[in-house]
A.B. asks: 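Right, I'll just put the structure down here and ask away after.
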Amino acid sequence: MLEQGKINIRQLTVLVIAFTMGTSFLLGPSPLALEAKQNAWIAAIIGIVIDLVLIVMYVALGNLFPGMTLAQYSEKILGKWPGKLISLLFFSFFIFLSALMVRDLGNFIVSNVMPETPVEVILISFSMVVVIATRYGLEVIARTTEIFFPWIFVSLLFLTFTLLPEIEINQLEPVTEGGIKPLLGAGIQFSSLQEFVCFLMLLPFVNRPKKVLHSLLLGAAPGGVILIIITALCILVLGSDFTARNIYPSFVLAKKISIGNFLERVEVLLAGVWFLSIFIKTTITFYVSALGLAQSLELRTYKPLTVPLGVLMVALSVLAYPNISKLLEFVPKIWFSYAYTFLLLLPLLLLLVALIRGKSEAPLSMEQKD
């Protein structure tokens with residue numbers, strides 16, 4: 001087998017929570033406030049609900065082919081070569097997504113932490129860590145996430161409660177002033193930042209397949225609630241205008257924390273939480289890209305692909321967009337349409353074709369998986 005490890009339901013749930021936070025934790029509130037203004041938190045709710053519906057569709061597709069990944073049953077549904085084409089398209093999406101997150105981290109560090117450091121140094125260093133983590137396999141990635149998760153949760157609780165004195169409820173008014181259209185637009189755009197389709201490459205390695213849907217929903221829902229709370233806090237403390245104008249409003253939010261003029265500058269906690277969540281998400285997306293390509297090429301292991309794919313990830317992260325202003329244009333103009341091709345259109349196509357043609361598979365034996 002390409003992957004020998006197995007993960008349990010609890011580990012899958014924790015992976016999904018960290019994956020949900022990912023880049024959205026720091027970057028999500030700004031585009032939401034730009035589109036939905038003081039109702040950004042409502043748009044975030046709409047986005048998470050859309051994600052939950054998509055998860056149900058993904059699991060319905062995966063349940064038709066137990067023991068197989070997205071790359072494997074694409075060939076079963078469409079035939080060998082069309083299936084390989086779809087698999088390679090998903091690979092391109094996964095590796096490009098990994099590169100974008102590496103670039104997001106590089107931009108943040110260079111603009112807020114180490115402004116004199118060349119961004120390429122950050123990109124290469126972070127990519128090396130991701131490649132090393134990927135080579136250890138899915139089981140180690142899941143166990144590492146379990147270790148980090150309590151620290152993430154405690155840090156978020158601390159940040160939330162210490163910001164309560166700064167809240168101004170009137171910042172949320174008027175509610176739904178601009179109507180439902182901007183809320184739907186912002187919510188749909190926000191949902192494109194949670195790429196749960198990646199988990200179609202991981203479901204065969206869960207030790208209790210019948211609990212997968214429950215686990216994914218149980219992970220996506222609290223992860224989404226965290227994003228909704230962070231978005232609401234940005235609006236309540238900073239206001240919708242400032243949130244919309246600042247690319248990292250939640251980081252600025254953490255700078256507002258001051259306890260008795262003694263405990264200050266705790267934004268490092270929020271930065272640490274984001275580093276961990278984006279590391280976990282990037283590792284997952286890079287892992288599924290390597291696994292998917294190896295299965296498309298019919299290799300016996302994905303590990304020889306990790307180093308060249310790591311180089312490709314760095315190159316794509318450099319070329320993705322030249323500066324932060326281009327990032328602000330990239331997400332609404334390009335990313336939304338591009339992402340939804342893989343988040344909705346292609347999975348829906350595979351599901352419909354499989355149902356129409358009556359394609360489904362019984363669980364594969366170990367020899368068949370090889």
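Values in this document were obtained by computation on a predicted structure and should not be read as measured data. All heavy atoms count here, side chains included; hydrogens, waters and symmetry mates do not.
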A.B. asks: Apply the ring pair (Phe, Tyr, Trp, His ring centres under 6.0 Å) test between Phe342 and each candidate in Phe90, Tyr58, Phe336; give the one that qualifies.
C.D. replies: Phe90

A.B. asks: When you compare the side chain of Phe108 with that of Phe275, does any pair of heavy atoms fall below 4.5 Å?
C.D. replies: yes

A.B. asks: Check the pair Glu166, Leu253 against side-chain contact (heavy atoms from CB on, under 4.5 Å), reporting the backbone distance first and the verdict last.
C.D. replies: CA-CA 10 Å; Glu166 304 289 332; Leu253 186 71; over 6 Å; no

A.B. asks: Say whether, by atom type as modelled, one donor and one acceptor occur between the side chain of Ser191 and the main chain of Ile48 under 3.5 angstrom.
C.D. replies: no

A.B. asks: Pairs of donor and acceptor atoms involving the side chains of residues 123-131, under 3.5 Å and at least two apart or interchain, shall be tabulated with distances.
C.D. replies:
unit_1 : atom_1 : unit_2 : atom_2 : d
Ser125 : OG     : Val121 : O      : 2.8
Ser127 : OG     : Leu123 : O      : 2.7

A.B. asks: Would a hydrophobic clustering, with Ile, Leu, Val, Met, Phe, Trp and Tyr connected at side-chain separations under 4.5 Å, put Leu218 with Phe205?
C.D. replies: no

A.B. asks: Just wondering, do Asn207 and Ile7 contact through their side chains at under 4.5 Å, heavy atoms?
C.D. replies: no

A.B. asks: Check the surroundings of atom CZ in Phe153: do more than 12 heavy atoms from other residues, nucleotides or ligands lie under 6.0 Å from it?
C.D. replies: no

A.B. asks: With sequence neighbours excluded, give me every side-chain hydrogen bond (donor to acceptor under 3.5 Å, both in side chains) pair touching residues 44-57.
C.D. replies: none

A.B. asks: According to the interplanar angle, ranging from 0 to 90°, do the rings of Phe19 and Phe196 count as parallel (below 30°), tilted (30 to 60°) or perpendicular (above 60°)?
C.D. replies: tilted

A.B. asks: If we ignore angles and hydrogens, is there a donor and acceptor under 3.5 Å between the side chains of Ser87 and Ser74?
C.D. replies: no

A.B. asks: What's the separation between atom CD1 in Ile228 and atom CD1 in Ile45, rounded to the nearest 0.5 Å?
C.D. replies: 4.5 Å

A.B. asks: Name all residues meeting the ring-ring contact (aromatic ring centres under 6.0 Å, His included) criterion together with Phe286; count only those two or more places apart in sequence or in a different chain, and write none if there are none.
C.D. replies: none

A.B. asks: Checking Lys84 now: which residues fulfil side chain to side chain donor-acceptor pair (under 3.5 Å) with it, not counting sequence neighbours?
C.D. replies: Glu75, Glu298

A.B. asks: Fit a plane to each ring of Trp335 and Phe96, take the angle between them on a 0 to 90° scale, and name the class: parallel (under 30°), tilted (30 to 60°) or perpendicular (over 60°).
C.D. replies: tilted

A.B. asks: Among pairs that include at least one residue of residues 188-211, which meet salt bridge (Lys or Arg N to Asp or Glu O under 4.0 Å), considering only residues two or more places apart or in two chains?
C.D. replies: Glu195-Lys281

A.B. asks: From Leu305 CG over to Leu291 CG, what is the distance, rounded to the nearest 0.5 angstrom?
C.D. replies: 10.0 Å

A.B. asks: Atom CG in Leu183, atom NZ in Lys37: separation rounded to 0.5 Å?
C.D. replies: 10.5 Å

A.B. asks: Output all residues satisfying side chain to side chain donor-acceptor pair (under 3.5 Å) with Arg135, sequence neighbours left out; order by chain, then residue number.
C.D. replies: Thr306

A.B. asks: So, Gln189 and Glu35: side-chain donor and acceptor under 3.5 Å apart, yes or no?
C.D. replies: no

A.B. asks: In the single-linkage hydrophobic clustering (I, L, V, M, F, W, Y; side-chain heavy atoms under 4.5 Å), do Leu61 and Leu345 co-cluster?
C.D. replies: no

A.B. asks: Counting distance only, does the side-chain N/O of Gln72 pair as donor-acceptor with the main-chain N or O of Thr69 below 3.5 Å?
C.D. replies: yes

A.B. asks: Taking Gln11 for the side chain and Asn8 for the main chain, is one N or O donor matched with an acceptor at less than 3.5 Å?
C.D. replies: yes

